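Since the structure comes first, as C-alpha cells, the remarks are kept for the end.
To find a chain, count down the sequence lines: A is the first, B the second, and so on, and within it residues start at 1. As the structure is a computational prediction, the values presented were derived from the model and not from experiment.
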Amino acid sequence: MTPMPGAVLFRLAWRNLWRNYRRTIIMLAAITLGVWAMLFMTAVMRGMVDDMVQTAVRSLPGHVQIHHPEYRDDPSIANSMPPPDQMLLDALAQAGVVAWAGRVRVPAVITSERDTRGTTLVGIDPEAETGLSFVSDDIVEGRFLGSPDDKGLVVGRKMIDDLETRLGRRVVVMSQDPDNEIVDRGFRIVGVYEANLENLEEAFVFTGRRYAQSMLNMDESISEIAVLGKSYRDVSDLSHLKQLEGSAREVLPWYELDAYLGTMLSTMDGFVLVWIIVVFLTLSFGLVNTLVMAVFERIREIGLMQALGMRPSMILIQVLLETFLLLAVGLAAGNLLAVVSVAALSDGIDLSIVSEAMQWMGVADVLYPALEIRDLVTTNVVVIVLGLLAGLSPAWRASRYQPVEALTKV
Amino acid sequence: MSSVRCVALCRFFFQGDQTIKALDHVDLEIDEREFVCLSGPSGSGKTTLLNAIGGLDKPTSGEVWVAGKRIDTLGKSELANMRLHQIGFVFQAYNLIPVLTARENIEFVMQVQGVDPEQRRRRSMSILGEVGMDDMEDRRPAQLSGGQQQRVAVARAIVSKPAMVLADEPTANLDSVTAEHLMDLFVRLNETHDTTFVISTHDQRVMSYARRLIGMVDGRIVTDEAH
C-alpha cells in the first residue's frame, strides 16, 4: 500500500482553504470571535470565582481550620478548645504552613449610646493575623491592634454607621461565659476597617485575644486555629494536620467550611467545558456549511484525484486536514485575542456600577479576569476535536463519491 | 500479453422502466504498446468503455482484466492503487488541479506514489520539456491556454510511465493545430515509452493516427480493424 503523501495533502488543504478567500475569512472571523468569547468569558468567570474564594478565605477561615467538633453547629464559648499542645505546635511548624493564628470567636451584642447590633467578637493575635485575614490590611481610620493584650476594639465601617458612633467613642460588648452567665465590657473604638464586602463590616469586631479570654472567663482556651497554606487550590500541603483530628478537635479545609464555594469551584471546570461546547455548537453550523460548500464545489476535482489514484482515505484525510487548518488558524487568532484582551484588563474591570449585585455574590467591585493554561488547553482541544468531528461528515461524503459520477458532475 | 481484456462486458443504466445499454456484451482484447482509437457517435459507449477499463466505473456484468488482473471485482482502494501505478488518464476537459502549478500537477501522481522529491523534479522537468512547456512550470492552470493545459494533462498522464494511457476525447476542445501537435506527441510517446494508448474520439483527424480503429454503435463493437 502506498504511504500517505503528507506534503501534497497539506499543500492541497492549505491552498484549497484560500480558494474562496472571502468565505474563509468570514469563517475564520467567526472561529476567532467564538474562541475569544470562550476564553475571555471563562477568564472572567474564573476571576469572579477566584475573587469569591479569596475573599471568603481571607474573611477568617484560612485554608484549613481547626476547631472543636461541635463548634460549627454551635459556635459558642462552650465549644472552645484548649490552646495548641506541643504536637499541634510541631505540626503547625512544618513546611506547607505559611501562617497560622489562634482566635477566640463568639457571638456577641455591641451597643453604642444610640443603637445595638448583633455581631461576632473575635479575639486575635494581631501579629499572627497579618497576611492571614483581611482585617490588618483594611484599617482605614485609627490603628490596628498592637498585641494580644490590646483592650481596644476594631470595628467595621458599616457597623460604625449602624451604631451611629465613631472612632475614639466607647461601646459595650456583651456575650456569655462558659457558665452561660452574661459578661460585658466597655471598649474604646481604636480602629475602623473597610472590607471588600460590606456585610463583613457588620459581621466582626476585633480585640486582643488575651483580653477577650479574660472578658469571657475562658482562661487560655480558644475557639479556632486558622491555617494558611501556599494556595487555596491545593491544600494537600496541609493534609498532615488532618492526622491530629480527634475527639477534641476537628480539622476542615475551606471548601468543607464553605460548601457553597467549594462546590462552585469543583463544578467550575464542568461549567467551563459546557460553556465551550455551547459556543462551539453555534460555530459548528457555519463550519459544517463552509466545509460542505467547499466539498460540493470541488466534486469534479475529487473525482479527478480519485482517477489519478488517490485512495478514498486520502480524500478523507485531505478534507479533514483542511478543517484542521481552518480551526488551527482561527484558534491561533482567538487565543492571541483572548491573551491580549485579558492582559489589557490586568488592572481589573470596574464593576462598581453594579456594586450591590457584586456584594450580594460575595465579589469585589473590581474583577480581575484570570486566564489559566488549563482553560487554554481545554478550549483548543475541544475546538479541534469537535471541529474534526463536524468535518467528518463532509469529508466522508467526499471520499465516497464514485470517480465516474464525480468527474461528470457539473 | 494483452494489456486489456473485456469479456461480455455490460454497463446498463436504468431510468424508470427504461434500460439504457451503454455497453452491451463487449468482448475486446488490446495488446501492450497498441495505439487504439475507439470511434463512434455520441452515446455509442466509448467513454463508458474507457471508464470501465480504467476502473472508474463498475460494469453491470462481465469481466475486465488489466495487465493480467481482473479489476471489476476490486474495491475502491485497490482500484485507486491500480490506476495510480498502471494507468494514466487524459480527459476531454483538461482536468488539472487548479490550486497546483503545472509542475505540481505533473508531480502529483508521483507524490502520491511516494517518489522522492529529487527524482520527481527531474522527471517532471524532463517531461515538461518533452511536451514543450518547460518555461511554464510555475503557472497555474488558469494562466495556461486550453492546449497548454492539455499538454500538462498529457505530461501528468505519462510522467510515471504507466503501462497504459486512456484518453477520452483529448482533442475535443483544441484547435486543429494544437490537436495535431497533441496526437504527434501521443504517437511519439507510444513509440518511445512503449505505452499502450486507448483513445476515444469521433474526430476523423485523430482516427487517422490510430493503428487499430474500433468502431462502436449503441454499446456494441461493430468494427475492429488495423489502420
Side-chain angles (χ1 to χ4, degrees), chain A residues 1-21 23-24 293-319 321-322 325-326 395-410, chain B residues 11 13 22 47-59 74-101 104-117 120 140-142 153 156-157 159-160 162 166 168:
Chain A
M1 190 61 82
T2 314
M4 282 288 169
V8 73
L9 292 181
F10 184 86
R11 185 185 300 148
L12 279 170
W14 181 251
R15 291 187 189 171
N16 279 331
L17 201 60
W18 300 104
R19 270 166 94 157
N20 193 326
Y21 198 81
R23 188 172 61 203
T24 300
M293 285 308 296
V295 167
F296 185 72
E297 287 169 358
R298 298 207 305 268
I299 294 177
R300 282 189 65 159
E301 209 173 300
I302 289 165
L304 172 68
M305 290 193 286
Q306 289 178 318
L308 295 177
M310 262 181 112
R311 294 195 305 272
S313 57
M314 290 182 189
I315 305 278
L316 181 102
I317 286 171
Q318 199 234 303
V319 177
L321 201 53
E322 207 171 311
L325 289 173
L326 185 68
W396 177 257
R397 279 181 60 184
S399 71
R400 303 320 295 170
Y401 284 120
Q402 287 291 343
V404 71
E405 287 171 24
L407 279 165
T408 52
K409 272 269 193 276
V410 180
Chain B
R11 181 64 171 108
F13 296 98
T47 299
T48 309
L49 182 56
L50 278 188
N51 288 339
I53 293 170
L56 298 178
D57 195 10
K58 285 271 182 192
L74 296 180
K76 277 187 172 182
S77 292
E78 290 165 304
L79 281 172
N81 215 37
M82 185 272 294
R83 289 192 293 267
L84 178 65
H85 293 285
Q86 297 190 28
I87 298 176
F89 283 98
V90 180
F91 298 99
Q92 179 179 343
Y94 322 139
N95 277 322
L96 299 177
I97 299 169
V99 292
L100 300 181
T101 64
E104 287 168 343
N105 262 289
I106 291 168
E107 288 189 11
F108 178 81
V109 172
M110 289 189 286
Q111 272 195 287
V112 179
Q113 285 176 336
V115 176
D116 70 80
R120 271 197 328 248
R140 289 207 179 176
R156 182 186 60 197
V159 70
S160 57
L166 302 177
D168 186 14

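- Between B/Leu100 and A/Leu12 the shortest side-chain heavy-atom distance falls below 4.5 Å.
- In B/Phe13, the CZ atom is crowded: over 12 heavy atoms of neighbouring residues, nucleotides or ligands sit closer than 6.0 Å.
- For the options B/Lys58, B/Arg140, B/Glu107, heavy-atom pairs under 4.5 Å to chain A are most numerous at B/Arg140.
- With hydrogens and angles disregarded, no donor-acceptor distance shorter than 3.5 Å links the side chain of A/Arg311 to the backbone of B/Asn81.
- Heavy-atom pairs under 4.5 Å with chain A were tallied for B/Asn51, B/Leu56, B/Val109; the largest tally goes to B/Leu56.
- Both the backbone and the side chain of B/Asp57 come within contact range of chain A, each with at least one heavy atom under 4.5 Å from a heavy atom of that chain.
- Only the side chain of A/Arg11 comes within contact range of chain B, with heavy atoms under 4.5 Å apart.
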What do the steps show when you test A/Leu304 against B/Phe89 for side chain to side chain contact (heavy atoms under 4.5 Å, CB included), and what is the final call? CA-CA 9 Å; A/Leu304 172 68; B/Phe89 283 98; over 6 Å; no

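- With values rounded to the nearest 0.5 angstrom, B/Leu84 atom CG is found 7.0 Å from A/Met314 atom CE.
- Judged purely by atom type and a 3.5 angstrom limit, B/Arg83 has no side-chain atom pairing as donor or acceptor with the backbone of A/Gly309.
- Closest of all the heavy-atom pairs between B/Thr101 and A/Arg15 is N-NH1, 4.3 Å.
- Distance check, rounded to the nearest 0.5 Å: OG1 of B/Thr47 to CG of A/Leu407 gives 11.0 Å.
- To the nearest 0.5 angstrom, A/Met310 atom CE is 4.5 Å from B/Phe108 atom CZ.
- No other option in A/Glu405, A/Arg19, A/Arg298 has as many heavy-atom pairs under 4.5 Å with chain B as A/Arg19.
- Although no hydrogens or angles enter the test, the distance criterion places a donor-acceptor pair under 3.5 Å between the side chain of B/Lys76 and the main chain of A/Arg400.
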